[in-house]
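Input: a single structure, listed below in structure tokens.
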Amino acid sequence: MTIDEKENAANLERLNHNLAKMEELSQRLVKAFAHKRSIDPKLQGPESDLFVRAMAAYMAEMMANPAKIFEHQVTYWGKMFKHYVEAQQELARGMGVPNDPTPKDPRFRNPLWDSHPYFNFLKQNYLLTSEAIEEAVHDIEGMDDDDKARVEYFTQQIVDMMAPTNFFGTNPDAIERAVETDGASLVKGMENLVRDIEANRGEVLVTLADPDAFTVGDNLATTEGSVVFRNRMFELIQYKPVTETVYKTPIILFPPWINKFYILDL
């Protein structure tokens, strides 16, 4: 057996091992999801009434000003049809890439998004559709300002979530990495996902730090403190000095609302 044949056999063995590992992790994933807790839907996103009000405002706008809605639709479908025709023409010439008028986006750094017909087609479709959705939501009239701001926010979250970079089959970086590692990168990612879901009883909550990385007295310090004032807005904690002398004027720290005392804990 030649060196190349031995290397190919080793690569095939690693690939088969990783595929078997993926199958095992998939079974664990299904089992973990089976233990998911029942959570109030209102805690997972906006109430359904918000979308009802948004749809009602959109329908009212369609009835009162059909020209504006029609203009949105014509503009969007015109761009999409032009892109489709250009893509077909370039493919007929030999796997070329059509004109790309979409703006630069840091999510699409991989050169294949600009040079490969398949990935470029996906990118342009996503960006053109995202633009149309954002404009349609932005131009809705007849909604309360707070409701409109919430609709725009949640719409943006959904649009960002559906980006092709978030899915393995449409992400050239993930595909290239999987090929380079004979599937080991997929196994590692699946292991992280399964571990997080198992630790959170079926909830998709991503672990942001290693829970075993910190030890009190080693790389994590604590200081004794006591609450000296409390009202409905906050608690004032006075920490016990650990030095022989202290400043006459104490230092008051206002930790951010997000993570609260996380910074002080570190």
Side-chain angles (χ1 to χ4, degrees), residues 36-90 97-110 113-114 117-171 203-206 208 232-234 254 256-260:
K36 185 175 181 179
R37 297 171 296 164
S38 177
I39 298 178
D40 187 345
K42 293 181 180 179
L43 299 177
Q44 303 296 307
E47 70 280 4
S48 59
D49 291 348
L50 177 64
F51 296 110
V52 172
R53 291 193 295 271
M55 181 57 67
Y58 187 81
M59 295 301 295
E61 184 75 14
M62 183 181 297
M63 298 297 293
N65 192 0
K68 185 171 76 172
I69 304 299
F70 184 70
E71 181 182 357
H72 280 165
Q73 295 291 326
V74 170
T75 300
Y76 169 64
W77 286 112
K79 291 180 179 179
M80 292 293 288
F81 183 71
K82 180 175 181 292
H83 169 51
Y84 177 78
V85 170
E86 289 178 347
Q88 290 292 323
Q89 291 175 343
E90 291 300 328
V97 176
N99 177 48
D100 189 350
T102 56
K104 293 296 182 181
D105 191 306
R107 291 172 294 181
F108 304 102
R109 293 191 184 95
N110 192 301
W113 289 113
D114 297 321
Y118 169 71
F119 291 112
N120 183 263
F121 184 80
L122 288 175
K123 182 189 76 167
Q124 290 204 47
N125 271 268
Y126 170 74
L127 291 177
L128 292 173
T129 302
S130 300
E131 179 186 41
I133 293 173
E134 291 165 5
E135 287 182 356
V137 173
H138 178 73
D139 289 346
I140 293 178
E141 298 181 4
M143 286 189 71
D144 178 80
D145 290 342
D146 290 340
D147 280 348
K148 185 173 181 180
R150 294 179 67 200
V151 170
E152 289 179 341
Y153 171 79
F154 286 113
T155 299
Q156 188 62 56
Q157 299 303 304
I158 296 173
V159 168
D160 291 343
M161 180 180 66
M162 298 307 296
T165 49
N166 292 333
F167 302 90
F168 173 74
T170 54
N171 186 326
E203 289 296 320
V204 185
L205 298 176
V206 178
L208 301 179
R232 68 183 185 86
M233 293 293 294
F234 71 96
F254 295 89
W257 292 107
I258 300 175
N259 292 334
K260 297 186 178 178

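Each residue takes its place number in the sequence, starting with 1.
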[X] side, atom [atom1]; [Y] side, atom [atom2] - distance, nearest 0.5 Å:
X: I69; Y: Q73; atom1: CD1; atom2: CD; answer: 7.5 Å
X: M59; Y: I140; atom1: CE; atom2: CD1; answer: 11.5 Å
X: Q156; Y: Y153; atom1: CD; atom2: OH; answer: 10.0 Å
X: E134; Y: E152; atom1: CD; atom2: CD; answer: 9.5 Å
X: H72; Y: D139; atom1: NE2; atom2: CG; answer: 4.0 Å
X: D114; Y: T102; atom1: CG; atom2: OG1; answer: 7.5 Å

Run the salt bridge (charged side-chain N to carboxylate O under 4.0 Å, His left out) test against K79 and tell me which residues pass, sequence neighbours left out.
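Scan of K79 (salt bridge (charged side-chain N to carboxylate O under 4.0 Å, His left out), adjacent residues dropped) gives E131.
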Test of understanding: with salt bridge (charged side-chain N to carboxylate O under 4.0 Å, His left out), list the residues that count as partners of R109, not counting sequence neighbours.
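Checked R109 against salt bridge (charged side-chain N to carboxylate O under 4.0 Å, His left out); zero matches.
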Step-by-step side-chain contact (heavy atoms from CB on, under 4.5 Å) determination, D160 to R107
CA-CA 10 Å; D160 291 343; R107 291 172 294 181; 3.7 Å; yes
Taking side chain as C-beta onward, heavy atoms only, is [X] less than 4.5 Å from [Y]?
X: W113; Y: T165; answer: yes
X: Y58; Y: V137; answer: no
X: L127; Y: F108; answer: yes
X: E86; Y: Q124; answer: no

Between H83 and F121, what is the ring plane arrangement, given parallel below 30°, perpendicular above 60°, and tilted in between?
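Judged by the thresholds at 30° and 60°, the geometry between H83 and F121 is parallel.
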Could you walk me through whether V159 and Y126 pass the side-chain contact (heavy atoms from CB on, under 4.5 Å) test, one step at a time?
CA-CA 9 Å; V159 168; Y126 170 74; 3.7 Å; yes
Might you work through the side-chain contact (heavy atoms from CB on, under 4.5 Å) test for Q157 and M161, ending with a clear yes or no?
CA-CA 6 Å; Q157 299 303 304; M161 180 180 66; over 6 Å; no
Exceeds 12 heavy-atom contacts within 6.0 angstrom, atom [atom1] of [X]:
X: E71; atom1: CD; answer: no
X: Y84; atom1: OH; answer: no
X: F70; atom1: CZ; answer: no
X: Y118; atom1: OH; answer: yes

Compare every heavy atom of [Y] with every heavy atom of [X], then report the nearest pair and how far apart it is.
X: P164; Y: T170; value: O-OG1, 2.6 Å
X: A54; Y: M143; value: CA-SD, 3.8 Å
X: E141; Y: K68; value: OE2-NZ, 3.6 Å

Salt-bridge criterion met for K123 and D100 (N-O under 4.0 Å):
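Salt bridge present between K123 and D100.
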With sequence neighbours excluded, what pairs up with T129 under the side chain to side chain donor-acceptor pair (under 3.5 Å) test?
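Only Y76 meet the side chain to side chain donor-acceptor pair (under 3.5 Å) criterion with T129.
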